[in-house]
Amino acid sequence: MLNKTVATLLNDQINKEFYSAYLYLDFSNFYEAKGLHGFANWYKVQAQEERDHAMLFYQYLQNNNAPVTLEAIPKPDTAFSTLMDPLQAGLAHEEYVTGLIHTIYAAAQEAKDFRTTQFLDWFVKEQGEEETNSHDLITKMELFGSDPKGLYMVDSELAARTYAAPTLTL
């Protein structure tokens, strides 16, 4: 049986991951309106990843006979004025999610819940990748965003991103 604090944090994370998906769909919508279909695609794929992350937490709780409570997902409250704004907001959000994962991990360690820490190892690694990806997008925008040809090339590169479901054994 899962520690009560750990189970609560895991359950909360489901809703945080669904919020992340909403947030990234909002970013996608912003870029779509700007005609940057590659950036829009990148964030649509990102939203799909976040939904799958939520489902991994959901399934983990169910596999451990812990109740799942789904809460309302708040509407993203974002207003962007530059092409860089969503990228910077994305990095800040990924850093926030990393903190959430670390909090759950620390609670699981304190409870000596080794199965949950093993489950969370994948998310710790994933968050490192998410932060790196966010940094890379910012760097590309800084380097090429003010040059229409460069921005076109970055947008074309991002349009090629496809979704690959996570491979995590529960």
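In this text, all values refer to a predicted model and were calculated from it rather than measured experimentally.
Within 6.0 Å of CD in Q62 there are more than 12 heavy atoms belonging to other residues, nucleotides or ligands.
Neither L87 nor Y152 shares a network with the other; the hydrophobic side chains, linked directly or stepwise wherever heavy atoms of I, L, V, M, F, W or Y lie under 4.5 Å apart, form separate groups for each. If you chain together hydrophobic residues whose side chains sit under 4.5 Å apart, Y19 and V68 fall into the same group. Each of L25 and M55 belongs to its own hydrophobic cluster when Ile, Leu, Val, Met, Phe, Trp and Tyr are linked at side-chain heavy-atom distances under 4.5 angstrom. When the side chains of ILVMFWY residues are joined at heavy-atom separations under 4.5 Å, either directly or via intervening members, L83 and M153 end up in two distinct hydrophobic clusters.
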Verify side chain to side chain contact (heavy atoms under 4.5 Å, CB included) between L137 and V154, making sure each step is shown before the conclusion.
CA-CA 9 Å; L137 286 174; V154 172; 5.6 Å; no
Just do the side chain to side chain contact (heavy atoms under 4.5 Å, CB included) check on V97 and E17 with the steps written out, would you?
CA-CA 8 Å; V97 172; E17 297 291 340; 3.9 Å; yes
Quick one, T162 with V45, criterion side chain to side chain contact (heavy atoms under 4.5 Å, CB included). Give me CA distance, side-chain angles, the key distance, then yes/no.
CA-CA 7 Å; T162 59; V45 171; 5.9 Å; no
Report the C-alpha separation of E130 and E50 in whole Å, then their side-chain angles, then the decisive distance to 0.1 Å, and conclude whether the side chain to side chain contact (heavy atoms under 4.5 Å, CB included) test is met.
CA-CA 11 Å; E130 299 286 14; E50 302 303 340; 3.9 Å; yes
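Annotation: F80 is in aromatic contact with F27 [ring centroid separation under 6.0 Å]. If you look at H37 and W42, their ring centroids are not closer than 6.0 Å.
Judged purely by distance below 3.5 Å, without hydrogens or angles, the side chains of Q109 and Y105 never pair a donor atom with an acceptor atom. A side-chain N or O of T116 and one of Y60 form a donor-acceptor pair less than 3.5 Å apart. No side-chain donor-acceptor contact under 3.5 Å links Q127 and E131. Side-chain atoms of N29 and Y43 include no donor-acceptor pair closer than 3.5 Å. A donor-acceptor pair shorter than 3.5 Å cannot be found between the side chains of T117 and D121. Side-chain atoms of K44 and Y24 form no donor-acceptor pair, as typed in the model, at a separation below 3.5 Å.
Atom CE of M84 sits about 9.5 Å away from atom OG of S146, to the nearest 0.5 Å. To the nearest 0.5 Å, the span separating CZ on F144 from OG1 on T139 amounts to 10.0 Å. For the atom pair L10 CG and L56 CG, the distance stands at 11.5 Å (nearest 0.5 Å). Rounded to the nearest 0.5 angstrom, H53 NE2 and I14 CD1 are separated by 13.5 Å. Atom CG of D136 is separated from atom CG of L91 by 10.5 Å, given to the nearest 0.5 angstrom. Atom CD1 of residue I104 and atom OG1 of residue T5 lie 12.0 Å apart, to the nearest 0.5 angstrom.
A search for ring pair (Phe, Tyr, Trp, His ring centres under 6.0 Å) contacts involving F39 returns Y31, not counting sequence neighbours. In this structure R161 satisfies the salt bridge (charged side-chain N to carboxylate O under 4.0 Å, His left out) test together with E49, sequence neighbours excluded. For F57, the ring pair (Phe, Tyr, Trp, His ring centres under 6.0 Å) partners at least two apart in sequence or on another chain are F119, F123.
No donor-acceptor pair closer than 3.5 Å links the side chain of D26 to the backbone N or O of P76. The closest donor-acceptor contact from the side chain of D85 to the backbone of T82 lies under 3.5 Å. With hydrogens and angles ignored, the 3.5 Å screen pairs a side-chain donor or acceptor of N41 with a backbone N or O of L158. In this structure a side-chain-to-backbone donor-acceptor pair under 3.5 Å is present from S20 to K16.
Across every non-hydrogen atom of A107 and L9, the tightest pair is CB-CD1, 3.6 Å. Nearest heavy atoms, S28 versus A40: OG-O, 2.8 Å. Shortest non-hydrogen contact noted between N3 and A111 is ND2-CB, 3.6 Å.
In this structure, the side chains of F30 and L36 stay at 4.5 Å or more apart for every pair of heavy atoms. Between I101 and Q13 the shortest side-chain heavy-atom distance falls below 4.5 Å.
With N64 as the fixed residue, the side-chain contact (heavy atoms from CB on, under 4.5 Å) test singles out one of D113, V6, L2: L2.
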